[in-house]
Amino acid sequence: MGKRRKVGAAGTVGKNMEKETALSTEMGGFTSEEKHKQGIIPLLNQLFRDSSFNVSSITNFIIENGIGTVVIEVPKDEGSEEDEEDEEDKEDEDEGENEVFAISASINLKTNPQPPGVKELTEFLLQKIKDNGSKEIDDFVKKLFVDDGISTCNFVVNERFVNLPARAALSLLHCMKSEEFDGSNSPNDFIICILKLYKRESKTKLCYVNSEEKIIVKFAAKYIDYPVSVEEFGYVYLSRRKKPEDCPQFRRICFISKKIFYTKCFKRMTMKIADITFKFLENLNS
């Protein structure tokens with residue numbers, strides 16, 4: 001078991017996508033390890049949703065450098081009466097420990113030379129920007145990647161199962177903020193992140209899979225959108241009220257000042273997630 005980090009979550013984590021299932025279980029944040037790899041990969045595939053990018057390489061980088069925090073179910077204390085199970089039950093429990101419900105990581109894109117995984121990630125982002133952005137955005141991004149020895153540019157992953165409560169994402173962000181941000185960051189320090197969006201055929205407006213992420217766009221310096229294939233990876237589960245075939249999928253790459261992200265944006269997201277959590281619990285108890 002990796003190093004325990006202060007992350008907790010409980011709520012709707014049901015695997016039955018046809019019917020949400022409320023669970024009350026203790027989860028914890030731990031430093032990512034090799035045994036979590038097969039749980040991290042589906043979450044990153046959910047985020048990138050592009051066969052041209054092999055998420056295994058960046059997964060290996062996250063694990064090997066100990067920069068990721070994964071949310072898993074906290075194992076039962078050894079020696080308790082509940083732990084007196086047969087070997088088959090213990091194997092099932094071990095598999096549960098390796099099931100990853102969420103992951104966060106901050107990846108430095110300005111290392112020189114770039115290690116495997118980071119290089120492929122940078123190339124993927126630059127290609128998407130070139131294919132879907134304007135020359136203005138292309139020039140803006142190229143400046144971000146200039147290694148001036150002063151400013152930083154990090155790619156932030158904060159991904160969770162679509163039906164995991166939003167407060168799990170907030171817990172991960174709090175953990176990342178405590179490690180990444182001390183208030184003295186340069187205005188030229190930037191964060192890049194990818195948001196998940198979809199569109200109903202009957203509407204032109206894009207909607208957010210994670211509604212709290214729309215706040216990031218309000219504070220972003222720039223962003224671009226690009227469509228993703230639903231045939232290759234299947235549909236992102238949205239809700240029982242939305243038919244998958246009515247929901248073309250998109251991704252939005254955002255560029256936001258690190259200082260703004262961890263101050264103004266973070267505060268607004270905290271308020272939004274608190275509101276989402278309140279409504280979720282209200283509906284659960286009604």
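When reading the values below, keep in mind they use all heavy atoms of this one structure, side chains included, and skip hydrogens, waters and symmetry mates.
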Under 4.5 Å between any side-chain heavy atoms of [X] and [Y], yes or no?
X: N132; Y: P227; answer: yes
X: K128; Y: L125; answer: no
X: F61; Y: L121; answer: no
X: I216; Y: M269; answer: yes
X: F181; Y: K259; answer: yes
X: C153; Y: I192; answer: yes
X: F161; Y: V100; answer: no
X: N210; Y: L195; answer: no

Report, one line per pair, each donor and acceptor closer than 3.5 Å where one atom sits in a side chain of residues 137-146; sequence neighbours left out.
{"from": "D138", "atom 1": "OD2", "to": "K142", "atom 2": "NZ", "distance (Å)": "3.3"}
{"from": "D139", "atom 1": "OD2", "to": "K135", "atom 2": "NZ", "distance (Å)": "2.8"}

Going by the rule ring pair (Phe, Tyr, Trp, His ring centres under 6.0 Å), which residues pair with F266 if we only count those two or more places apart in sequence or in a different chain?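 For F266 the ring pair (Phe, Tyr, Trp, His ring centres under 6.0 Å) partners, ignoring immediate neighbours, are H174.
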
Quick check: closest heavy atoms across [X] and [Y], and the distance to 0.1 Å?
X: I40; Y: S32; value: CD1-CB, 4.1 Å
X: E73; Y: F101; value: N-CE1, 3.9 Å
X: F124; Y: F48; value: CE2-CD2, 3.6 Å
X: A220; Y: C254; value: CB-CB, 4.3 Å
X: L197; Y: V209; value: N-CG2, 4.3 Å
X: K37; Y: T59; value: CG-CG2, 3.8 Å

Spatial distance of atom [atom1] ([X]) from atom [atom2] ([Y]) [nearest 0.5 Å]:
X: F190; Y: I256; atom1: CZ; atom2: CD1; answer: 8.5 Å
X: L44; Y: I194; atom1: CG; atom2: CD1; answer: 10.0 Å
X: T122; Y: F155; atom1: OG1; atom2: CZ; answer: 10.0 Å
X: N154; Y: K110; atom1: CG; atom2: NZ; answer: 10.0 Å
X: E213; Y: C193; atom1: CD; atom2: SG; answer: 7.5 Å
X: L206; Y: R252; atom1: CG; atom2: CZ; answer: 6.0 Å

With a sphere of 6.0 Å drawn around NZ of K258, does it hold more than 12 non-hydrogen atoms of other residues, nucleotides or ligands?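 Buried by this count: over 12 neighbours within 6.0 Å.
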
For the NZ atom on K119, are there more than 12 heavy atoms of other groups (residues, nucleotides or ligands in this structure) within a distance under 6.0 Å?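 At most 12 heavy atoms, drawn from other residues, nucleotides or ligands, come within 6.0 Å of this atom.
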
Could you walk me through whether Y262 and D189 satisfy the side chain to side chain contact (heavy atoms under 4.5 Å, CB included) test, starting with their C-alpha distance in whole Å, then the side-chain angles of each, then the deciding distance to 0.1 Å, before giving a yes or no? CA-CA 12 Å; Y262 283 121; D189 292 345; over 6 Å; no

Worked verdict on L173 versus F261 for side chain to side chain contact (heavy atoms under 4.5 Å, CB included): CA-CA 10 Å; L173 281 173; F261 181 80; 4.0 Å; yes

Can you tell me which residue among K177, E180, E179 is in a side-chain hydrogen bond (donor to acceptor under 3.5 Å, both in side chains) with S106?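 Of the listed residues K177, E180, E179, the side-chain hydrogen bond (donor to acceptor under 3.5 Å, both in side chains) partner of S106 is E180.
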
Would you mind telling me which of R160, K196, R268 makes a salt bridge (charged side-chain N to carboxylate O under 4.0 Å, His left out) with E212?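 Testing E212 for a salt bridge (charged side-chain N to carboxylate O under 4.0 Å, His left out) against R160, K196, R268 leaves exactly one candidate, R160.
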
Would you say E120 and S57 are linked by a side-chain donor-acceptor pair, where the criterion is simply a distance under 3.5 Å?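 On atom types as modelled, these side chains do not qualify, holding no pair under 3.5 Å.
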
Is there a donor-acceptor pair under 3.5 Å between the side chain of R251 and the backbone N or O of L47?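 Checked: pair present.
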
Is a side-chain donor or acceptor of N54 paired with a backbone partner of S56 at a separation under 3.5 angstrom?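 Yes, N54 side chain to S56 backbone: donor-acceptor pair under 3.5 Å.
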
Verdict with supporting geometry, T111 and N108, side chain to side chain donor-acceptor pair (under 3.5 Å): CA-CA 6 Å; T111 53; N108 182 6; 5.4 Å; no

